[in-house]
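If you scroll down you'll find the structure; I have some questions about it.
Order of appearance sets the numbers: ligands from 1, and atoms from 1 within every ligand. None of these values were measured; they are calculated from a predicted model.
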Amino acid sequence: MSSFEGLDVISISDFSKEDVMRVLKTAKGMVPMATGRKPDRSLEGKIMSALFFEPSTRTRLSFESAMKRLGGGVLGFAQPEGTSIMKGETLADTVRMVDAYSDVVVIRHPHEGAARLAADFASKPVINAGDGAGQHPTQTLLDLYTIWEGLGKLDGVNIALVGDLKYGRTVHSLTTALSMFRTNLSFVAPPSLQMPRELIDQVKEKGLPLKMTHDIRDVINDVDVLYVTRIQKERFPDPQEYAKVAGTYRIDIPLLRDVKKNLMIMHPLPRVDEIAAEVDETPYARYFQQALNGVSVRMALLSLILGGTK
Ligand code: NCD
């Protein structure tokens, strides 16, 4: 895409490698504004609506922070309780309304495909902030930014995705994005939570090296990035199935004994028990910085979409 202005962001596959790099470079330039050191009013008068039908801390608040740091306004809801959705209003009608009240619509919804549906009913750009077990493209952009900042590159990176690769939308989008670069991927999951077949095929079609295992010790000492995820309890149709896999992985200090010196441990957060608190104090822990990067990356995206950055 030559210009981002007015575009929907539904799936990371809407982006080319060049588009991704454009967002990351724009995000780097946003850091002084994202941290409040430099004022920016470039989106003054613009309004972002945020429709969150599912719980969120970082995604919603960093989108709000990003819009406000650019001088824009924000409206929306953090849960559907208290809105006319509880009276039976459809997603389509809700979207039609906020489309008229704002300039860009950010939506998180438990159903896969909900953001695409919203985009069909909205005339303004729609940004997918997570649709069920589907996609989470803005998380992927901040994940890529964190790797690019930390290692100085994306091509050539050796990365393991660990945990719930079946239901985790962050790892779905991230796999698509990483297969645009010359990365070396490992999928570490219990067999019942391995990556969906179409994403495995996507990596293979690109001819990239791919390792699949359930044992984290098979890969932990070789990787540059360990991307750990939460088992997505809310997506399991049967609580007994969740009980079988809960607590499968736990990153602790003894497990890190022989890892690469510059290993980056990432996690989209929230974590439950996948990473022991003792790991937070090690130089490997990058998950809090990763979450902070969400503001500059979302500023870059909002600015490119709303015409604040040409
Ligand atoms: C993730 C999500 O909502 O998909 N959180 C986030 O946006 N940072 C990951 C998760 O809930 O496990």
Open item on the list: Does any part of the side chain of Glu54, heavy atoms only, come nearer than 4.5 Å to the side chain of His109, both counted from C-beta?
Closed with: no
Open item on the list: Quick check on Pro270 - does any of its heavy atoms sit under 4.0 Å from an atom of ligand 1?
Closed with: yes
TODO: Answer yes if the side chains of Tyr284 and Asn262 hold a donor-acceptor pair under 3.5 Å, and no otherwise.
DONE: no
- [ ] Taking the side chain as every heavy atom from C-beta outward, state whether Met266 and Asp143 have any pair of such atoms under 4.5 Å apart.
- [x] yes
- [ ] Would you check whether Glu54 reaches within less than 4.0 Å of ligand 1, judged by its heavy atoms?
- [x] no
Open item on the list: What's the separation between atom CE in Met299 and atom CG in Leu304, rounded to the nearest 0.5 Å?
Closed with: 11.5 Å
Open item on the list: If you define the side chain from C-beta out and look only at heavy atoms, does anything of Ile216 sit under 4.5 Å from Leu226?
Closed with: yes
TODO: Considering heavy atoms of the protein only, find what lies nearest to atom 3 (O) of ligand 1 and give residue, atom and distance to 0.1 Å.
DONE: Arg169 NH2, 2.9 Å
Open item on the list: Looking only at distances, can you tell me whether any N or O atom of Gln139, backbone or side chain, sits closer than 3.5 Å to an N or O atom of ligand 1?
Closed with: yes
Task: Residue His136 vicinity, atoms of ligand 1 by number, heavy atom under 4.0 Å - done: 2 (C), 4 (O), 6 (C), 7 (O)
Open item on the list: To check your reading of the model: name the closest protein heavy atom to atom 8 (N) of ligand 1, its residue, and the distance in Å.
Closed with: Pro268 O, 2.9 Å
Open item on the list: Please list the nearest protein heavy atom to atom 11 (O) of ligand 1 with its residue and the distance rounded to 0.1 Å.
Closed with: Arg230 NH2, 2.9 Å
- [ ] Give the contacting part of Leu269 toward ligand 1: side chain, backbone, both or neither, where contact means a heavy-atom distance below 4.0 Å.
- [x] backbone
Open item on the list: A side-chain contact here means heavy atoms from C-beta on lying under 4.5 Å apart; do Arg108 and Thr59 qualify?
Closed with: yes
TODO: Determine whether Ile275 and His267 make a side-chain contact, defined as any pair of heavy atoms from C-beta on separated by less than 4.5 Å.
DONE: yes
Open item on the list: Below 3.5 Å, N or O to N or O, backbone or side chain included: is there any such pair between Gln232 and ligand 1?
Closed with: yes
Open item on the list: Can you name the atoms of ligand 1, numbered from 1 with element, that are less than 4.0 Å from a heavy atom of Thr59?
Closed with: 6 (C), 7 (O)
